[in-house]
Amino acid sequence: MLRETFNEAAELYDRARPRYPRALVDELARASGLGPDSRVLEIGPGTGQLTLALAQFGCRITAVELGDAMAGVARQRLSAFPRVEVQVAEFERWELPSDPFDLVVCATAFHWIDPAVRVVKAAQALRAGGRLALVTTEHVAGGTVEFFARAQDCYERWDPDTPPGLRLQPASDVTMYTGELDDFAHFEQITMARRTQDITYTTDQYIDVLLTYSGLRALNATARHGLLTCLRQLIDSQYGGTVTKRYLHELIMGTRATE
């Protein structure tokens, strides 16, 4: 399964993947009343990109991660926070504890969870009045705009699933989707926030980021090598060995209704 490919490159994932903007983390903490008395369940923490930021609020965190290698890296990163526990399990099959959580959070991983389970089980994990927080990440137009337009030639040549003429959208054109929470009777008071961040990468750093994406890792070795070589040559020959990428991070939150 594609969602299991991340576990093959846990150390690289931890090193290369961007952290979440501090303003977004602070908004999540403010809206959920995060503090030392909070019990938090994190679904799919990866190597702890968001977990580490949340742990600094002093809360108790149970993080459920599918990949054993990813969980191992997360435990190392979080070793200074004894109130954080990382468990290796598939969330769909993980047994919920008897005591409900104050906050359930999932960052850039909710789409990997079975849609027939994810919202229902998240609601079951929460106390009445508890909050579900979903963080999504989108690749949007910005930074070195011309590079990302020209890079599509490399993708169209080497990745057969690339739609012809595909271009990144500006953040303002990306629609925030809250349908799953809106359509589920147990959640109310749906709120949304978004932040962008630009990150400048050297050629090697950008290639490392790409090597953490499931779609690229799923390519056969010849196509993957051809694509990365094409992109590397483009960055080095036309952009002086650095490019800047823009990310859009969205925070969607819902309150567990009182029954």
Side-chain angles (χ1 to χ4, degrees), residues 3 5-32 34-35 38 40-59 61-67 69-81 83-86 103-112 133-144 148 168 171 174 176 192-214 216-217 242-253:
R3 71 176 185 174
T5 62
F6 304 111
N7 202 51
E8 301 167 357
E11 296 282 355
L12 179 63
Y13 187 100
D14 184 58
R15 183 175 73 249
R17 280 293 181 106
R19 277 35 177 176
Y20 296 98
R22 187 71 222 182
L24 198 76
V25 175
D26 288 344
E27 174 60 20
L28 191 165
R30 183 202 63 77
S32 61
L34 199 62
S38 302
V40 179
L41 168 63
E42 184 177 7
I43 304 167
T47 58
Q49 273 80 358
L50 181 61
T51 324
L52 183 61
L54 297 180
Q56 292 168 359
F57 289 90
C59 52
I61 302 174
T62 300
V64 180
E65 168 56 42
L66 176 66
M70 300 282 273
V73 175
R75 290 184 184 119
Q76 292 175 13
R77 294 190 69 207
L78 295 157
S79 59
F81 297 92
R83 304 191 79 200
V84 178
E85 177 188 14
V86 182
L103 172 67
V104 173
V105 62
C106 185
T108 320
F110 208 59
H111 61 288
W112 292 115
L134 306 177
V135 179
T136 66
T137 300
E138 302 279 352
H139 308 286
V140 294
T144 314
F148 292 101
L168 294 174
V174 176
M176 294 186 73
M192 298 168 286
R194 53 171 47 184
R195 299 288 188 277
T196 59
Q197 67 169 331
D198 289 358
I199 299 179
T200 298
Y201 296 105
T202 65
T203 305
D204 286 342
Q205 289 170 338
Y206 187 65
I207 296 301
D208 280 349
V209 172
L210 295 182
L211 285 168
T212 69
Y213 293 147
S214 59
L216 188 140
R217 298 190 65 83
T242 63
V243 291
T244 299
K245 183 173 181 60
R246 178 166 297 172
Y247 297 91
L248 170 64
H249 304 283
E250 301 171 318
L251 172 63
I252 303 166
M253 299 188 71

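Positions are given from 1 along the sequence.
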Minimum side-chain heavy-atom gap [X]-[Y] below 4.5 Å:
| X | Y | result |
| --- | --- | --- |
| Glu138 | Tyr247 | no |
| Tyr201 | Asp208 | no |
| Lys245 | Phe148 | yes |
| Thr244 | Thr144 | yes |
| Leu54 | Leu28 | yes |
| Val25 | Gln56 | no |

Between [X] and [Y], what is the shortest heavy-atom contact and its length?
| X | Y | value |
| --- | --- | --- |
| Ala74 | Gly48 | CB-N, 4.1 Å |
| Leu34 | Val40 | CD1-CG2, 3.6 Å |
| Cys59 | Ser38 | CB-O, 3.5 Å |
| Gln49 | Tyr13 | NE2-O, 3.4 Å |
| Glu42 | Thr51 | OE1-OG1, 2.5 Å |
| Arg83 | Gly58 | NH1-O, 2.6 Å |

Exercise. Does the side-chain contact (heavy atoms from CB on, under 4.5 Å) test come out yes or no for Val140 and Leu168, once each step is laid out?
Worked result: CA-CA 5 Å; Val140 294; Leu168 294 174; 5.7 Å; no
Would you compute the distance between atom [atom1] of [X] and atom [atom2] of [Y] and round it to the nearest 0.5 angstrom?
| X | Y | atom1 | atom2 | result |
| --- | --- | --- | --- | --- |
| Leu78 | Glu85 | CG | CD | 12.0 Å |
| Tyr206 | Thr200 | OH | OG1 | 12.5 Å |
| Ile199 | Arg17 | CD1 | CZ | 11.0 Å |
| Glu27 | Met253 | CD | CE | 8.0 Å |
| Ile252 | Arg194 | CD1 | CZ | 9.0 Å |
| Glu65 | Ile43 | CD | CD1 | 11.5 Å |

Problem set entry | Between Thr137 and Thr108, a side-chain donor and acceptor under 3.5 Å |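 There is such a pair between these side chains.
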For this session: Using the side-chain contact (heavy atoms from CB on, under 4.5 Å) rule, take Leu52 and Phe81 through it: C-alpha gap first, then chi angles, then the decisive distance, then the call.
Result: CA-CA 9 Å; Leu52 183 61; Phe81 297 92; 3.4 Å; yes
Exercise. Hey, mind stepping through Val105 and Ile61 against side-chain contact (heavy atoms from CB on, under 4.5 Å) and telling me if it holds?
Worked result: CA-CA 10 Å; Val105 62; Ile61 302 174; over 6 Å; no
For this session: Under the side-chain contact (heavy atoms from CB on, under 4.5 Å) rule, collect the residues that match up with Leu24, sequence neighbours excluded.
Result: Pro21, Val135, Arg195, His249, Leu251
Problem set entry | Test side-chain contact (heavy atoms from CB on, under 4.5 Å) applied to Ile207 and Leu211, Asp204, Val209, the passing residue | Leu211
For this session: Carefully, step by step, assess Asp198 and Arg246 under the rule side-chain contact (heavy atoms from CB on, under 4.5 Å).
Result: CA-CA 4 Å; Asp198 289 358; Arg246 178 166 297 172; 2.7 Å; yes
